[in-house]
Amino acid sequence: MSHGHEEHLWIPESDLEGMSVDTLSVRAGQIRTGQLEHSDAIFPTSSFVYGSAAQAAARFGGEEAGNIYSRFTNPTVQAFEGRIAAMEGGEKAVATASGMAAILSTCMSLLKTGDHVICSRGVFGTTNVLFQKYMARFGVETTFVSLTDVSAWQAAVRPETKMLFIETPSNPLCEVADMDALSSLAHANDALFVVDNCFCTPILQRPLEHGADLVIHSATKYLDGQGRCVGGVVVGPAKYLDEVYGFIRSAGPTMSPFNAWVFQKGLETLPIRMRAHCDNALELAKWLETQPSVEKVFYAGLESHPQHELAKKQQSGFGGMVSFTVKGGREQAWRFIDGTRMISITANLGDVKTTITHPATTTHGRLAPEDKVQAGITENLIRLSVGIEAIDDLKTDLARGFQALED
């Protein structure tokens, strides 16, 4: 039996033209080697060798395509990029070391001193800090407005406005933006429309079809789905992604090959996981609305949600994130959280395991008090990332939290 010297047969690439996102999540982007492996290969190497000095020069000079150095060319990372680009319906994707690295790389690549950004208030707390503190140091000013008030976006536009940035649904209040309206506003003013699609993933929502120029993900969340790795990705047209790629090559906020391989495995089960998340979240949201200790439930799948009809139009499902307020303040919210005994107390989201957190002191803890008030981050707010456990078991554990409030 020979090892490593088999006669290799040519295997044609899969024809995925017209295939659904469910199929693309399993099949798209695979780079099969001469070993003809069925599973996705992993290339944990920092560099690549060349047949000659002339070939090395051609690679570095851009005269010949091929791998050079894993900071910016790695087959495993490229395979992940190809798969998520296909799922989002984008021309190209660039993977990064984290979701925040994806946002930073987008801004550093496509903005300059003197530019103006309009950002929704309901974004992840660190996204707020990135714009408000660090991008400001480079002369990029940001105006924060209500995600759902299109007139506020219109009023905030300036001649120097170059980007509109949103999360939809928002973190943690699950507000939903009118992407068609905001994309029209952005393009009428020669600005980019950038959408963080972390909560929905391409299984439930495809922002590029609603006029977005770029889509951003924290791959750490649902794309992985099991809380194993940290990563991010930007998807969109090559004319923008080539700039982002250039920044990644020079600055180095790069996704590792191992993490890319893990994310590829996560994408394979994303469609069935997202449907399970949606089913559990909707039932829990309805159940929470019936609890006497709950003031309000925030979930777009509820008919009581102000953007319920818009969510139905833009999304094929309502996602796995549910937030709610309990009667009282921080003490009551913490007592509820501490009363649970199965659900994980952690700020990460998108995991198959249900997680619970207190946004005002964790994900949005770095915001100034006045910014928390404007963003609706109250001391009695609790956020659930609903996993795929048995729904009755989740209710049982949350009931322990309600019992703790009564005790």
Side-chain angles (χ1 to χ4, degrees), residues 1-6 8-9 11 13-14 24-53 55-60 62 64-88 92-102 104-105 216-235 241-242 244-270 273 348 350-352:
M1 180 177 180
S2 62
H3 296 277
H5 299 287
E6 292 89 347
H8 298 310
L9 301 175
I11 304 294
E13 292 185 6
S14 298
L24 295 175
S25 71
V26 177
R27 294 282 183 177
Q30 183 170 14
I31 299 175
R32 188 172 281 122
T33 75
Q35 299 299 322
L36 305 184
E37 66 281 349
H38 186 235
S39 180
D40 298 290
I42 180 171
F43 294 85
T45 181
S46 60
S47 62
F48 302 85
V49 298
Y50 314 101
S52 66
Q55 185 184 45
R59 290 274 181 91
F60 274 82
E64 177 182 303
N67 297 306
I68 299 173
Y69 189 57
S70 282
R71 187 178 70 245
F72 56 100
T73 54
N74 181 277
T76 314
V77 177
Q78 291 162 355
F80 165 70
E81 291 169 338
R83 184 168 298 175
I84 191 64
M87 293 171 66
E88 282 285 7
K92 187 173 181 178
V94 173
T96 60
S98 68
M100 290 309 305
L104 174 65
S105 299
I216 288 177
H217 288 278
S218 171
T220 313
K221 312 302 192 293
Y222 287 108
L223 302 192
D224 176 9
Q226 296 178 56
R228 298 168 293 190
C229 293
V230 175
V233 65
V234 188
V235 184
L241 271 296
D242 287 346
V244 178
Y245 172 77
F247 178 78
I248 296 295
R249 176 171 183 167
S250 299
T254 311
M255 180 178 286
S256 76
F258 177 79
N259 287 10
W261 184 83
V262 171
F263 293 140
Q264 278 186 286
K265 298 296 102 182
L267 290 178
E268 291 177 353
T269 61
L270 184 61
R273 284 191 286 107
N348 194 34
D351 201 302
V352 292

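No hydrogens, no waters, no symmetry mates; every other heavy atom, side chains included, goes into these values.
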Nearest heavy-atom pair of [X] and [Y]: which atoms, and what distance?
X    : Y    : value
F258 : I42  : CA-CD1, 3.6 Å
N74  : P257 : ND2-CG, 3.3 Å
A85  : V235 : CA-CG1, 3.9 Å
C229 : D224 : N-OD2, 3.1 Å
V77  : A95  : CG1-CB, 3.8 Å
A101 : S105 : O-OG, 2.7 Å

[atom2] on [Y] to [atom1] on [X], rounded to 0.5 Å:
X    : Y    : atom1 : atom2 : answer
I216 : T96  : CD1   : OG1   : 8.5 Å
S47  : N67  : OG    : CG    : 10.5 Å
I84  : H217 : CD1   : NE2   : 4.5 Å

Can you check whether [Y]'s main-chain N or O pairs, donor with acceptor, with [X]'s side chain at less than 3.5 Å?
X    : Y    : answer
D40  : K265 : no
S250 : F247 : no
T254 : F72  : no
T76  : F43  : yes
Q30  : H38  : yes
R32  : E37  : yes
T73  : I68  : yes
S70  : T45  : yes

Which class fits the ring pair F80 and F263: parallel under 30°, tilted 30 to 60°, perpendicular over 60°?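 If you compare the ring of F80 with that of F263, the planes turn out tilted.
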Is any side-chain heavy atom of E81 closer than 4.5 Å to one of M255?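 Answer no - side chains too far apart.
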Check whether any side-chain heavy atom of F48 sits under 4.5 Å from a side-chain heavy atom of P75, and report yes or no.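 In contact.
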Verdict with supporting geometry, Q226 and V262, side-chain contact (heavy atoms from CB on, under 4.5 Å): CA-CA 10 Å; Q226 296 178 56; V262 171; over 6 Å; no
Return yes when atom OH of Y69 has more than 12 non-hydrogen atoms of other residues, nucleotides or ligands closer than 6.0 Å, and no otherwise.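 Count not over threshold, so no.
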Among R27, R83, R273, whose salt bridge (Lys or Arg N to Asp or Glu O under 4.0 Å) with E268 holds?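 Checked R27, R83, R273 against E268; only one passes salt bridge (Lys or Arg N to Asp or Glu O under 4.0 Å): R83.
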